[in-house]
Amino acid sequence: MLSLRDLADLVTKKLQKDLFVGAELYGKKDDGLYPCRVLKIVENGVGKMQYEVALLGENKKITENAILHGEDLVWKKTPFNRKILKSFIRESTCRSIPWVLHEKLAQKHGISTDLPEELRSKFFLQGGQLVNRTKKRKNENRNNVGEANGESGKSKRNKGETGKPDASKEENNQPEDEPVKYPIDDLLVKPGPDDPLFTDRPSPSRDFNVPMDCIGDLLMVWDFCSSFSRVLNLWPFSLEDFENAICHKDSNLVIIVETHSALLRILIKDDGEYSLALQNKKRKSKISLITWTEYVCDFLEMINVTELCSCMTTIKRGHYGLLDANAKLGILRELVCHALETDLIRGKLDDLIEQRRALGATVRGEALEYARKKREEKEQLKGESNGLVVKENSMESTGSNPHMAENGEENGDMVEEVISSRQSNAFVNRKQLNGQSKKGEKQKLDPKVEAENITNSNEKEAQKQLTGEKKEDQEKKSKEKREQRKEYFKREMEKRSIRTNPLGKDRDCNRYWWFRRDGRIFVESSDSKQWGYYCAKEEVDALMSSLNPKGERERALQQQLEKFYPRISLELQKRSKDLAQKIALEEAVLRRSTRVRAPPRENPANAFLKYVNKWKED
């Protein structure tokens, strides 16, 4: 049984060894290495595999066909890296070591769910789950020992009148159900008696202006322009304005012109393929409101995508606004993909990564410093307490044995006693008399001493309380400072975000996206064909209450929603207020008479028409 890493390595070797139709790699021919694509797998009688391949030239055009052996074909780059394979294995399986595929996935691809021969002695299937025989046997033995010691009353109740145990399980030879350790795969989660009351999941809104199959491209282009607005010299705009601009039929909308121009300028500055194409056509590097469509057509000629090249005639005629939303977003998607490969954007990404690493190092350094100070304080307190204990012990030892301090004078005292016993007796009598007189004086002074001792002890207790309160105040202040520093570092990290990742997936593998600059939570179906969104705080609350934490995916999604909940709710509340203000303004415009009706550009719904790029390059 292999670990995740070993399994990923084995699959990588298998993919490198066993080629498939459509694989693009490099083939050895005439002492050279040429890019090629596998067209057909040919089996010869010897048992060795041969492959019919198409040798590729520029722009992946087929130059000629050839039949090559497997050893003549080389992967210049593995088709899938280890990270992708690991994530694919995790998503495709419901159990690790041994690895078990999801039942639906196995049925879809016709894979048998029967246990292999080598595992049948160790495992068995029960209720669609794989159970370990040795663990089950140990649990049964533990239960039997408990019954013998009188610890299990449940088994005694199962016994019949004759005193024999329940024979139904022995006859059927069925092991007892093992308690499930959560979280497990969401599709395997069954309702239990201890489950809380889950609310119904709210249905997301789907009132988009652009077609449903364009939502992914719309969000990707808008998020890229918003994230790299400083690099692009493009003033940020809202998602609603961008969506309305895409659906508008005007050919020279400022927001559309500036978005295309900003992306095209990045490609020109990169001195790459697009820049060379412009030099061959002797075009100027400055893009204007009149010439921007010519630069777009040059870009479409360069990428040579059939679906988009068919739009060139409409664009050249000056009717860009008549293109459908699919074509407009397709052009912008290709521009963004090419912009991501430029040195300017990659340099910005490298800077952001370095800044994030520096912030992370600062956070770790501060945490280590705080832990070191805490350790030193503990050791200091421990040392002080040990010192006090040692001092008290020494005081007790000297007080209980006073003759040990006078050990040097013991022999002299004995000689004096032998020589002058009378004098010593007289001295003892005198000492007793003095002791009695001193005892009387002490009894007289006792009340004053006691009063002084009480006042001293009260003062000491008051000092201790003051020092304790000061320490508590200092600890509170230091804790508040640490929390403020944490929040500061979180904000700085978010400012330097490299990419937008989904919050997580639900039971049905629907992905949930949250964009900080928009506020809404978008829902993408597992096949990316359907989209929706939640735009109210109450909908987000209902969504969180509908998630079952016993499932792996829904638990992770719930944790992410809880993590960002304060910010999500704040953004949604702001959005609700802005929406209410817009509705109020629209109603005010409608209530006016026809004589003083405001022009369309003053309507909040047409705010995208007023867009101005304040960061435009001169």
* To do: Let me see the working for Glu524 and Tyr512 under side chain to side chain contact (heavy atoms under 4.5 Å, CB included), right down to the final yes or no.
  => CA-CA 6 Å; Glu524 179 189 6; Tyr512 290 77; over 6 Å; no
Got a salt bridge between [X] and [Y], using NZ or NE/NH1/NH2 to carboxylate O under 4.0 Å?
X      : Y      : result
Arg491 : Glu494 : no
Arg517 : Asp223 : yes
Asp324 : Lys328 : no
Arg283 : Asp298 : yes

Side-chain touch [X]/[Y], heavy atoms, less than 4.5 angstrom:
X      : Y      : value
Asn233 : Arg265 : no
Gln484 : Glu487 : no
Leu188 : Asp185 : yes
Val305 : Leu300 : no
Ser205 : Tyr534 : no

* Asked: Between Phe515 and Trp513, how do the two ring planes meet: parallel, tilted or perpendicular, split at 30° and 60°?
  ->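 Geometry flag for Trp513 against Phe515: parallel rings.
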Could you report the tightest heavy-atom contact between [X] and [Y], atom names first, then the distance?
X      : Y      : answer
Ser229 : Pro236 : OG-CG, 4.0 Å
Ala339 : Leu267 : N-CD2, 3.9 Å
Asp200 : Ser546 : C-CB, 4.4 Å
Ile331 : Phe299 : O-CE2, 4.4 Å
Arg553 : Arg507 : NH2-O, 2.8 Å
Val74  : Leu25  : O-CB, 3.3 Å

How long is the straight-line distance from [atom2] of [Y] back to [atom1] of [X], given to the nearest 0.5 Å?
X      : Y      : atom1 : atom2 : answer
Ile315 : Cys297 : CD1   : SG    : 5.0 Å
Ile521 : Cys535 : CD1   : SG    : 10.5 Å
Ile303 : Leu308 : CD1   : CG    : 5.5 Å
Leu329 : Leu332 : CG    : CG    : 6.0 Å
His338 : Leu335 : NE2   : CG    : 8.5 Å
Leu344 : Leu232 : CG    : CG    : 8.5 Å

Quick check: does any side chain N or O of [X] sit under 3.5 Å from a backbone N or O of [Y], one acting as donor and the other as acceptor?
X      : Y      : result
Thr93  : Ile89  : yes
Ser310 : Glu307 : yes
Lys505 : Asn510 : no
Glu554 : Asn548 : yes
Asn606 : Leu609 : no
Ser569 : Pro566 : yes
Ser545 : Phe198 : no
Arg356 : Met493 : yes
Asn280 : Leu276 : yes
Asn613 : Trp235 : yes

* **Verdict with supporting geometry, Ser275 and Asp270, side chain to side chain contact (heavy atoms under 4.5 Å, CB included)** => CA-CA 7 Å; Ser275 181; Asp270 192 53; over 6 Å; no
* To do: List the steps and the verdict of side chain to side chain contact (heavy atoms under 4.5 Å, CB included) for Glu552 and Asp186.
  => CA-CA 6 Å; Glu552 292 172 344; Asp186 298 70; 4.2 Å; yes
Going by atom type alone, with no hydrogens or angles, which donor-acceptor pairs under 3.5 Å involve a side-chain atom of residues 206-217 and a protein atom two or more places apart or on another chain?
unit_1, atom_1, unit_2, atom_2, d
Arg206, NH1, Trp531, O, 2.7
Asp207, OD1, Tyr533, OH, 2.4
Asp207, OD2, Tyr533, OH, 3.3
Asn209, ND2, Asn244, OD1, 2.9
Asp217, OD2, Arg333, NH1, 2.9

* To do: Check the pair Asp241 / Ser238 against side chain to side chain donor-acceptor pair (under 3.5 Å), numbers first and verdict last.
  => CA-CA 5 Å; Asp241 288 349; Ser238 67; 3.2 Å; yes
Counting the benzene-type ring for Trp, do [X] and [Y] have ring centres under 6.0 Å apart?
X      : Y      : value
Phe608 : His248 : yes
Tyr295 : His260 : no
Trp292 : Tyr320 : yes

* Derivation and outcome, side chain to side chain contact (heavy atoms under 4.5 Å, CB included), residues Tyr51 and Leu39 -> CA-CA 7 Å; Tyr51 301 91; Leu39 299 177; over 6 Å; no
* Polar side chain donor-acceptor pair, Thr291 to Ser288, under 3.5 angstrom ->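 Thr291 vs Ser288: donor-acceptor pair found between side chains.
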* To do: Tell me, please, which residues at least two apart from Ile62 pass side-chain contact (heavy atoms from CB on, under 4.5 Å).
  =>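 If we apply the side-chain contact (heavy atoms from CB on, under 4.5 Å) test to Ile62, skipping adjacent residues, the hits are Arg37, Ala54, Leu56, Asn65.
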* **Verdict with reasoning, Ser526 to Arg511, per side chain to side chain donor-acceptor pair (under 3.5 Å)** => CA-CA 7 Å; Ser526 56; Arg511 284 178 286 273; over 6 Å; no
